[in-house]
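A quick write-up on the structure given underneath.
As the structure lists them, so they are numbered: ligands from 1, and atoms in each ligand from 1.
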Amino acid sequence: MIPHTERHGVLRYTEIMCGIIGYSSIEEKKPVEGILLDGLRSMEYRGYDSWGVAIATKKGVFIEKKIGPISQLNSKPIDSFSLGIGHTRWATHGGVTKTNAHPHLSSDDRFVVVQNGIVENFIELKTKLQTLGYAFKTQTDTEVIVHLIHLELQYGKKNLHDAVRSTFLQLSGRNTFVVMDRETKTIMAIRQGSPLVVGRSPNSVMLASDTLPLLGKMPEVIFIDDNQLVEIHAAKIAIYDAKTGKKILFEAKPLTQKVEKIDKAGFDHFMIKEIYEQEHTIIDATSYSEVELLPAVKKIKKARHVYTLGAGTAAFAAGHIARFLREINIFTQELRAYEAASYLSLIDKRDIVLVVSQSGETADTLEVVEFLKKKKVTIISIVNMIGSTLSRLSDLSYLSRTGPEICVASTKAYTAQIAWGYLLAQSIIGNYQQAKKQIQDVSNKLHHYFQTKQNQQVLKKLAKKLVTAEHFFVLGKEQHFYSALEAALKIKEITYKHIEGFSAGELKHGVIALIEKGSYIFGVVGGEESKRNETLNALAEVKARGAIVVGIASEPSDFFDIHIAVPDGKELDSITKIIPFQLLAYYLALNLKNNPDKPRSLAKSVTVK
Ligand code: GLU
């Protein structure tokens, strides 16, 4: 368990992935199981070890739980009310078992609970509850919430609203949880740390961890903030301050997000679909007009220093963006959120922090942003998910507009954010139009690349050879330093092979000692001629030591044993050159019989600290 601590005066995030869904309708006997399952399916990327639904019925609470991906129910609830909740789990406390899967039922069969987060004082609470005679059926921390609510109802003689509130006040950690009460036909939810949105239509209400389940079903959305309690009865919504109990006026916003069909569109996996989408998504991400970019341009021009911030793949996209800004003579330092601590005292309101995230919910990143906001630092963000916490915390928020990225390993969000960063940087120096042309040119090149079957064949052949390879390395320079890091991450994430990315310049400082006959070395060769030559020289050096050199390059070279020909993306070469690595990771994962969409132990938007 990750302890809940204070650092830089802000709470450390212990937010956990997982998807929460709830649905309530005024239509009597509306079958809700399909709605709950569809909702869970669209949030499966948030956690996928087990799942469950609970539906209120005349006779009691119908519950079904399963291990593995969201599938179908084995039985149908009989005489159900139009009220249910569901959960897809990313286990933190207690193994992945049916018993530990949510929802968890109260000992009097009255209500059920699903939770996203960690009850950090759960041992203490559990001991107290056990002393009071509560028997624990699961190993989850969630079960303390169930018993505490029960205790408050029984002995505190409170109504459900007050029981839920006082339970919440006893929990430490970041916990968003939902309670469905069969008796009062009510759903209550409290947000703390993990996201929660509520969709509203004239006849029904849906709550979820993100907006995806709401699309096409709910015309309006309400973004719930931390420490707010939502009470849903039929299609009525009330929101309260969970600490004071005071009613809060809220505003529902039209949910304008395009209805995205979360399907594989004929592809075998989301990953390959998302890889192919990149020829369009780099265009969509840069469909901002000059006027729309102007507020960011102005702020960056005025800033003392610019920092970019991200975690994982987003940190590498942030690295590319920092480089684009440095290239136009703007002092920009890239920060990885998990290593940003020592910079935080140096950043103040004269600076700009440009934050990159796919989900906008990444815990490490949010922690830094919350801290900097208290110092009045201007936050500009580029996020893929609409309505995310990060977008809402930002002074200026842009969307990368790629549509939902379902595969856990990021592909299209990465390239979209690079393209957006490039357009922004070029707009600062008045090159908006040329930059747009350049992005269009890269898109055309990608189209051609994807259409040419030969390109996939070369990679498939290579992926076969790599099945038995134990270690490999990727090297690159300048923009391709970040490409090397991202390439290695992509391959690690879904193939579980040991691969390291490093700067070509680092070779002689140690890495070369690892190279032996038959080692696979990938070189990402691109950019200015001098940089290309540096990378080629490094490749020559490893080749001389018996390595098998794979060149990811627009031009062939004698140093390559295998040449993976990729179009020259010029300033955006980091977009074109990452594509073969994404494809290679995918094909290699398939050869290794891994599910590329759902790599082991990972979940999208790494929100665990
Ligand atoms: N801590 C809870 C559990 O392990 C919730 C995890 C989640 O957010 O999926 O069951």
Side-chain angles (χ1 to χ4, degrees), residues 1-4 12-22 36 39-54 63-70 85-106 112-126 129 136-149 167-168 170-180 189-197 207-210 212-213 224 226 359 361-363 366 389 408 598 600-609:
M1 176 172 140
I2 305 121
H4 168 86
R12 298 222 351 127
Y13 281 75
T14 49
E15 190 197 328
I16 304 304
M17 298 64 85
C18 108
I20 283 177
I21 186 96
L36 297 176
L40 287 181
R41 237 171 249 127
S42 60
M43 290 187 297
E44 218 181 351
Y45 71 91
R46 299 182 61 87
Y48 39 74
D49 56 43
S50 51
W51 60 276
V53 296
I63 301 182
E64 206 171 298
K65 308 184 193 186
K66 282 190 184 180
I67 307 287
I70 318 293
I85 61 173
H87 184 267
T88 170
R89 184 173 183 233
W90 194 91
T92 68
H93 287 58
V96 179
T97 61
K98 237 166 113 165
T99 316
N100 287 337
H102 303 211
H104 297 290
L105 181 64
S106 63
V112 270
V113 175
V114 298
Q115 173 220 5
N116 178 188
I118 295 176
V119 179
E120 292 182 353
N121 55 339
F122 101 102
I123 305 233
E124 189 189 313
L125 293 171
K126 186 171 176 175
L129 287 160
F136 278 73
K137 295 194 196 83
T138 76
Q139 287 94 49
T140 63
D141 48 337
T142 320
E143 200 175 343
V144 299
I145 304 179
V146 182
H147 296 319
L148 275 177
I149 298 174
T167 297
F168 168 70
Q170 294 171 59
L171 309 177
S172 62
R174 301 177 71 91
N175 291 288
T176 292
F177 64 92
V178 182
V179 184
M180 180 186 77
I190 296 191
R191 173 187 162 142
Q192 172 61 271
S194 310
L196 190 68
V197 298
L207 64 81
S209 300
D210 64 41
L212 292 181
I224 307 302
D226 278 352
S359 65
E361 303 293 344
T362 312
L366 288 177
T389 307
V408 168
K598 293 179 180 172
R600 70 182 180 204
S601 306
L602 299 178
K604 194 119 190 105
S605 70
V606 183
T607 51
V608 192
K609 281 194 70 87

Closest contact, heavy atoms only, Gln115 versus Ile20: C-CD1, 4.1 Å

Looking only at heavy atoms, what is the nearest atom pair of Ile224 and Arg191, with distance? O-CD, 3.1 Å

Polar proximity ligand 1 side, Asn116 side, N/O cut 3.5 Å exclusive: yes

Going by the order shown, which atoms of ligand 1 are within less than 4.0 Å of some heavy atom of Asp141? 1 (N), 2 (C), 3 (C), 4 (O)

When you compare ligand 1 with Trp90, is there at least one nitrogen or oxygen pair between them that comes in under 3.5 angstrom? yes

What are the two closest non-hydrogen atoms of Val112 and Ala54, and how far apart are they? CG2-CB, 3.7 Å

Gln115 heavy atoms, cut-off 4.0 Å: which ligand 1 atoms fall inside? 1 (N), 2 (C), 5 (C), 7 (C), 8 (O)

Numbered in order shown, the ligand 1 atoms found under 4.0 Å of a heavy atom of His87 are 9 (O)

Those residues that, when tested against Asn100, pass side chain to side chain donor-acceptor pair (under 3.5 Å) (two or more places apart): Thr97, Gln139

Could you tell me whether some N/O pair between Arg89 and ligand 1 is separated by less than 3.5 angstrom? yes

Tell me every residue that passes ring-ring contact (aromatic ring centres under 6.0 Å, His included) with His104, counting only those two or more places apart in sequence or in another chain. His102

At their closest point, which heavy atom of Val53 faces which heavy atom of Leu40, and how far apart are they? CG1-CD1, 3.9 Å

Contact atoms of ligand 1, heavy-atom distance to His102 under 4.0 Å: 2 (C), 3 (C), 5 (C), 10 (O)

Which is it for Thr142 and ligand 1 at heavy atoms under 4.0 Å: side chain, backbone, both or neither? side chain

Tightest non-hydrogen contact, residues Ser194 and Thr176, listed as O-OG1, 2.7 Å

Could you tell me whether ligand 1 has any atom less than 4.0 Å away from a heavy atom of Gly117? yes

